[in-house]
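Down below is the structure, laid out as structure tokens.
Naming convention: chains lettered A, B, ... in sequence-line order (proteins, then strands); numbering from 1 in each chain. These numbers come from a predicted model, not from an experiment.
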2 protein chains.
Amino acid sequence: MRAAESTERGERAARILEAADELLGEIGYDGASMGRVADRAGVNKALVFYYFGSKERLFQHVLERYYAAHQSALAEAFRRGGSVGERLHRLMDAYFDFIVANERYPRLVQQLVAAGERHVELVQHNLAPLFEWLTEALSEVTPEHGPLAARQFFVTFSGAVINYFTYSPVLAAVWGRDPGSREALDERRAHLHWLVDTVLAGLADAE
Amino acid sequence: MRAAESTERGERAARILEAADELLGEIGYDGASMGRVADRAGVNKALVFYYFGSKERLFQHVLERYYAAHQSALAEAFRRGGSVGERLHRLMDAYFDFIVANERYPRLVQQLVAAGERHVELVQHNLAPLFEWLTEALSEVTPEHGPLAARQFFVTFSGAVINYFTYSPVLAAVWGRDPGSREALDERRAHLHWLVDTVLAGLADAE
DNA sequence: TTTCGGTTTGACCGATCGGTTAAGGCGGGC
DNA sequence: GCCCGCCTTAACCGATCGGTCAAACCGAAA
């Protein structure tokens, strides 16, 4: 995929995209000036505009790459059937794995949401399928309305996953331990699976 | 409290602080230029520097106000004793109520974390007490290590609360409903309490 | 060899940024 | 009436921002 993009319009465009990706994750949209992007890519600033037209389109390009990857990773996990529990565990794993493999992604989405109303649409398109899949997967065991509706669990579960990563630098300081280490990630993953099972058991009791 | 600050150095300083607070929540640190802060406060730009010295100190002032309020709200909720469940429910309510009463706060913290390593320290000081209280409250029923350790529930619970608000504009679009409405807030609060009870029941079973 | 179209560059633009400065109100004590 | 200290302002500073442009480069077709 990345190789295809490198040859699509020359590898310099790919270097620019990669630099924009890195800087967006490190210092945010406002901090990542076109000049710094060009410098990191080892390229003249005007070339960035030649390839991508404007700052907004450049970073939109960066986000769409993640969006597509995120989408396909979760679609794959959802397509295969199984019981409610199996599908939830698989969705959870897919979401978790995707973020581990794309460590800049959660901070990036977080920046978009925090930046205000302007970029809500993009995040919305990103979140909508995940929301619908989880709603469908849960529909067998949750009521349609009220505190136990699927939409509540959507916020709770996705928050439990993504917050671990977005707050990771803070957690590293509060705990005496790197939240990105292999053991810490395994522990978090096990916690999430326990959470799914416990919530499902609680829902069964509530009926 | 606010009245005390208004008279401390004249009400113009308070107007500047309020404008800075609003803009920080609306358009972020980088977007909130000193000129715009001054305009919104109805004041000359140089006056902002006269009172607060620099942009960084101005917004640090804004954050410290929230920090103190957050701290005291949760300390109050924790001080009173009771069973594990009672303390957890009270902490949850206090956290939730505080955010409802300070709607710009979560987006503000989110921006700090997203902005990179620079502001981690402030968020850390903010989160550390909450972490320790929840850890202490949970210590009776959770193991010290592994997937059911208190630190895991800290991330899960705080994420379940704060994510509802930070993703609120996105959720409004995905659902056909305003997440900030009275009924929606009540429903979310009930969900969180159900979550606490269910997790506690699950922990009791796990022993 | 010349031409040509895509690529790359340095120089430049107006706007805005955070921050400074010197000078003007302006009310209260002498 | 004058002076002093706090408040407030317009004007200005250098730096950086996103974006433009005309010229130079360069490999392939003719």
Figure out the [atom1]/[atom2] separation between [X] and [N], and round it to whole Å.
X: A:Tyr51; N: D:dG19; atom1: OH; atom2: C1'; value: 18 Å
X: B:Leu47; N: D:dC6; atom1: CG; atom2: P; value: 15 Å
X: A:Glu11; N: C:dT7; atom1: CD; atom2: P; value: 14 Å
X: A:Arg15; N: C:dT7; atom1: CZ; atom2: P; value: 16 Å
X: A:Ile16; N: C:dT7; atom1: CD1; atom2: P; value: 12 Å
X: B:Asn44; N: C:dA23; atom1: CG; atom2: C1'; value: 13 Å

If a protein heavy atom is under 4.0 Å from the base, mark B; if only from the sugar-phosphate, S; if neither, -; do that for nucleotides 12-18 of chain C going 5' to 3'.
-----SB
Are B:His89 and B:Asp197 close enough, and set up right, to give a side-chain hydrogen bond (donor to acceptor under 3.5 Å, both in side chains), and what steps lead you there?
CA-CA 9 Å; B:His89 282 294; B:Asp197 287 333; 2.8 Å; yes
What do the steps show when you test A:Arg151 against A:Thr156 for side-chain hydrogen bond (donor to acceptor under 3.5 Å, both in side chains), and what is the final call?
CA-CA 9 Å; A:Arg151 69 161 86 94; A:Thr156 300; over 6 Å; no
Under 6.0 Å from the CZ atom of B:Arg36, do we count more than 12 heavy atoms belonging to anything else shown?
no
Which of these nucleotides, C:dT7, C:dG10, D:dT8, is closest to any side-chain atom of A:Tyr50?
C:dT7
For A:Arg189 and A:Asp97, what are the C-alpha separation, side-chain angles and deciding distance, and is it a salt bridge (Lys or Arg N to Asp or Glu O under 4.0 Å)?
CA-CA 9 Å; A:Arg189 195 195 304 268; A:Asp97 289 339; 2.7 Å; yes
Quick one: list whatever passes salt bridge (Lys or Arg N to Asp or Glu O under 4.0 Å) with A:Arg40, sequence neighbours left out.
A:Glu22, A:Glu26
At under 4.0 Å, does any side-chain N or O of A:Arg12 touch on OP1 or OP2 of C:dT9?
yes
B:Asn44 vs B:Tyr50, side-chain hydrogen bond (donor to acceptor under 3.5 Å, both in side chains): CA-CA, chis, key distance, verdict
CA-CA 10 Å; B:Asn44 188 278; B:Tyr50 175 77; over 6 Å; no
